[in-house]
Every structure is written in C-alpha cells, then in structure tokens.
Enquirer: 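Can you keep this structure in mind? I'll have questions shortly.
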Number of protein chains: 2
Amino acid sequence: MPRRVDHDERRRHIVGALLRIAGTQGLDAVSMREVAQEAGVSLGAVQHYFASKDAMLLHALEQWLNLDVHRSFAERIRARVAREPAATPLATLRAVAAEYLPHDDATSLEARVGLSFQSRAAVTPALAAALVPAYTGFVDTLRGILRHSGRPLDADTAARELAALLDGLRHPVLIGALPYADALGIVDGHLARLLAHERRA
Amino acid sequence: MPRRVDHDERRRHIVGALLRIAGTQGLDAVSMREVAQEAGVSLGAVQHYFASKDAMLLHALEQWLNLDVHRSFAERIRARVAREPAATPLATLRAVAAEYLPHDDATSLEARVGLSFQSRAAVTPALAAALVPAYTGFVDTLRGILRHSGRPLDADTAARELAALLDGLRHPVLIGALPYADALGIVDGHLARLLAHERRA
DNA sequence: CCGTGTACAATACGAGTGTATTGCAAAAAC
DNA sequence: GTTTTTGCAATACACTCGTATTGTACACGG
C-alpha cells in the first residue's frame, strides 16, 4: 500500500473547513467545492474522503459533537470554574451557561452551527439520529452537576429544563433580540430559584 | 387597468405552498419551481408576484408570523382555555405551552417552519429583522398573562425565560429525544415553581 | 526496479437553480 | 372597436450543484 497519509487527520481538516462555512454562512452555503476551497484542497480530494455529501455532513456533525464541542466546550467550562472562588454546582452551571450562550465570534459560530444542524435534523432522520445521543449526553452532564447540589430536586427534569432554557436563549441572542447579559441574568434567576427552592417539585 | 385579481390573495396562496414545503422538507427544498408546482401555478406566476426569491422568503416569513401563526395559534389557545374550568393565568400558560410544543402533524410542521427560519435568520439579517418583533410580541403576550397572576415576580424576565424554555423544548421533541408529555411536564413544573414562589426573584 | 494500489487532480455530465425575456389572451379604458 | 395594460405562460440563459470518470504522480511490496 502506497502513500501513507493520516486518513483521520485529513477528514478532520476537511470537516473543519465545512464547519467554518456552516458557522458563518449557514449549512445551505456548504457545497463540496466550497469546502474544498476553504480546506485548500481539490474537489477530488474531498470526494476521495467522503463518498457523498450526505455522508460528509453526517460525519461533520458527529465530529463536531464528539470532538470540537466536547473538547473545547468542556475546556472553557473548566477554565471558567477555575477562576471562581469555589467550584460549587451553582458556579459550574453558571459557567456552562456563560459559555453556552453566544458572546463572541467563536461562540456565535458554534451556536449557528448547532442551529443549522438542528434545523436540518428536523427533516433528515440520519442527522436526528446523531443528535439524539448528544442531547442525552448534555442532559446527563447537567444532571450530574445538579445531583451535587444537595437539594431535594428532580435532577432529571431540572436538567432537561435547563438544557431547553439554554438552547432557547441562544436564538434571541443570536438575532440580537436579547443581550447576552440579559440572557445570562435569566439563567442566574432560574438557577437561584431552582437551587434555593425547598418545596415540592 | 385590466384583469382584476386579488393580489394579496394570490400571494397568500403562493406563500401557503411555500410554507407547506418548508414545513415538510425544510427551507433548503424551497425553490421557485417547487413552490409554483405546489401552488398549482406556473413559474412565471410566482415571478410575477415576487421580484426575487429573497423577497418571497421575507414575505413568507412576515405572512407566517402575522397571519398564520398569530391567528391559528391564538385561536387554538382560546379553544383550549375554554375547555378549562377557569381561565386563570396558569391555565392559559399551560394552554400556550400545550399548543406551542409539537404534538401532531400541524404543530410539528409549524415548529419545523419556525426552526428553519430561525436558522436562516442567523445568517440573513433581513430575516432576523423580521423575526425580532415577533419575538418581542411573543414575550409581551406572555408578560401580559403573567402580570395577571398576582404574584410578586419580575414579569418581563419570567416572560423571556418562559419563551426560551418553550422554544428550547421544541427541538428535542421534534427529533424524538423527548416525548411531548415529558416536555409539557417540564413546563408544568416550571410554572408551578414560578407562580407558587414567594421569595425574592 | 518494477508492478501495484493509493492519493489525489482534472474534467465532464446531467440535473436543477434564480432570473430575464418574450409572447399572448383578456379585460378595462377610451 | 381600438388601445392599453395586466396576468400569466413558456422558454432561454448562465450558473452551480453532486457525482462519475479518467488520468497520473508516487510510495511501497516484491
């Protein structure tokens, strides 16, 4: 077998170009030629690594969820929590919210990529199938943090509620209908009410 | 001036076809020819009523927000509240949530249309500009209902929070990651906590 | 060193896109 | 009844799209 190249590395490189386009111009603007140009390779190279555009999009979503999001997002959370006086569940959740909501170019791009894929997944079962475990994983993570709060709350319901709140706050912030600080304030209020609450759920 | 036809009616007819396509196959599947065929008219007719595809999409979003959503949605809310024993703020908000979350073909289509436009608005300022007042209007409506609860809460923040929660719950329901009943239960818990709450916000 | 299979590059193809152009039937204006 | 203007239909044009095909440089196994 000739020509040793790192197959996975090339795919990550191409997918990176794809995500950059999707984050700035939307998934509609993603064509194989555009991706090739953004990645600095030929159309033939892109075709060589992905059998079809659908396969490329699916692989892009999976890589984005498993590598880009998981890694950089978790890293930013840790960095933010480290700056806090105490790594309490509340501080951690606030850090998650602060990083999840779009507040600069990188996070806005991330939010747009997520929104694009969510929109397409609504009419493309293959993408929905890849998105479901990511949603479940996010909820599990939130639930794990909530469990450490020591409060008598339904952690699973609270986690799903928080996930939905964060996701739902992204859109008005993205289109400029709600300032980032206001969105963060809403999450703060939600968390305060949730964790200070002693009554029945 | 010859040939009297109701200009607005024809536009609504064409836009209706467009929204049907967007709701079932996504906004990407919307082409002028597809819209023409779905509407049962010629491509020339569509061009006659819309100067460009962008103008058609913008008009479609505006009509959808101002006519389809406002009218049918408000109507369904009223019908649902009428079935309740008392038209309390809580009952009204539960009705809003029950109708907002996708639970049948019509509401799933509505949610997919909304999601498609949100996604495109993130990269198309003209669409974002049309979406902002719709968001504001929705928040105003929720705030108006919350004000009648007689609870000492920050109605504006609570309204924005509820709007985000509802929007964020739509997506996992759409992709089948969260059952409709569970989503509604989350809203119930949120409303109960919100309206039963006596402490500071 | 020589074949063999890999990693591309280049190009071609048919389908579909938005838009512009042209033509024409019919109804109102005169 | 002629003229004019509207409401469309048909078609053409220049692209772009995903995909298929072909060619080739080149590293490895033998």
Side-chain angles (χ1 to χ4, degrees), chain A residues 1-22 24-61 116-117 119-121 123-127, chain B residues 1-22 24-61 116-117 119-121 123-127:
Chain A
M1 306 114 193
R3 227 22 173 311
R4 67 273 128 74
V5 299
D6 187 339
H7 229 76
D8 289 342
E9 188 276 335
R10 301 301 277 159
R11 309 246 281 226
R12 279 196 299 270
H13 177 69
I14 293 173
V15 165
L18 188 157
L19 295 175
R20 241 172 291 134
I21 298 171
T24 53
Q25 305 165 250
L27 261 185
D28 317 351
V30 170
S31 73
M32 311 215 72
R33 283 165 237 261
E34 275 285 326
V35 170
Q37 186 177 349
E38 173 74 23
V41 302
S42 75
L43 171 59
V46 175
Q47 286 190 253
H48 181 70
Y49 287 104
F50 298 102
S52 70
K53 188 189 182 183
D54 285 349
M56 181 176 70
L57 283 176
L58 179 58
H59 187 87
L61 175 56
S116 292
F117 275 115
S119 175
R120 187 157 297 210
V123 292
T124 310
L127 294 182
Chain B
M1 308 111 189
R3 228 13 177 313
R4 66 276 131 68
V5 300
D6 187 341
H7 229 76
D8 290 342
E9 187 275 335
R10 301 300 277 157
R11 307 246 279 230
R12 279 196 300 272
H13 177 69
I14 293 173
V15 166
L18 189 158
L19 295 175
R20 241 171 292 136
I21 297 171
T24 52
Q25 306 165 248
L27 260 185
D28 318 350
V30 170
S31 74
M32 310 216 72
R33 283 165 238 262
E34 275 284 327
V35 170
Q37 187 177 348
E38 172 74 23
V41 301
S42 76
L43 171 61
V46 175
Q47 286 190 256
H48 182 70
Y49 287 103
F50 299 101
S52 70
K53 188 188 181 182
D54 285 350
M56 180 175 72
L57 284 175
L58 179 58
H59 186 87
L61 175 56
S116 291
F117 275 114
S119 174
R120 188 158 295 210
V123 292
T124 310
L127 295 183

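Every chain is numbered from 1 and lettered A, B, ... according to where its sequence line falls, protein lines coming before strand lines. In this text the structure is predicted, and so the values were computed from the model without any measurement.
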Enquirer: Whole angstrom is fine here: how far is it from CG in Leu27(A) over to P in dC17(D)?
Expert: 14 Å
Enquirer: Walk along nucleotides 17-23 of chain C from 5' to 3' and tag each nucleotide B, S or - by protein heavy-atom contact under 4.0 Å, base first, then sugar-phosphate.
Expert: BBBB---
Enquirer: NE2 of His13(B) versus C1' of dG7(D): gap in Å, rounded?
Expert: 15 Å
Enquirer: Tell me: CG of Asp28(A) to C1' of dG18(D), nearest whole Å?
Expert: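 Value for this atom pair: 16 Å.
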Enquirer: With sequence neighbours left out, which residue pairs that include part of residues 52-61 of chain A fulfil the salt bridge (charged side-chain N to carboxylate O under 4.0 Å, His left out) condition?
Expert: none
Enquirer: Between dG18(D) atom P and Met56(A) atom CE, what is the distance in whole Å?
Expert: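 Going from Met56(A) (CE) to dG18(D) (P), I get 7 Å.
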Enquirer: On a heavy-atom basis, which atom in Ala22(B) and which in Leu27(B) lie closest, and how many Å separate them?
Expert: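 Shortest heavy-atom contact: CB-CD2, 4.0 Å.
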Enquirer: Quick check: do Arg33(B) and Leu43(B) have side-chain heavy atoms less than 4.5 Å from each other?
Expert: yes
Enquirer: Quick one: closest heavy-atom pair of Ser119(B) and Ser119(A), and the distance?
Expert: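 Smallest interatomic distance, heavy atoms only, reads CB-CB, 3.7 Å.
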Enquirer: Side-chain contact test, heavy atoms from C-beta onward, threshold under 4.5 Å: evaluate it for Arg120(B) versus Leu57(B) and give yes or no.
Expert: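 Yes. Closest side-chain heavy atoms under 4.5 Å.
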Enquirer: Please report the distance, rounded to the nearest Å, between CD in Gln37(B) and P in dA10(D).
Expert: 13 Å
Enquirer: Identify every side-chain donor-acceptor pair in residues 7-21 of chain B under 3.5 Å, counting partners at least two apart or on other chains, and give the distances.
Expert:
residue, atom, partner, partner atom, Å
Arg11(B), NH1, Tyr49(B), O, 3.2
His13(B), NE2, Ala39(B), O, 2.8
Arg20(B), NH1, Glu38(B), OE2, 2.5

Enquirer: Would you say a side-chain N or O of His48(A) is under 4.0 Å from OP1 or OP2 of dC8(C)?
Expert: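 Answer no for this pair, as no side-chain N or O of His48(A) is under 4.0 Å from OP1 or OP2.
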Enquirer: Rounded to whole Å, how long is the line connecting atom CZ of Arg10(A) with atom C1' of dA9(C)?
Expert: 13 Å
Enquirer: Round to a whole Å and report the spacing from OH of Tyr49(A) to C1' of dT19(D).
Expert: 19 Å
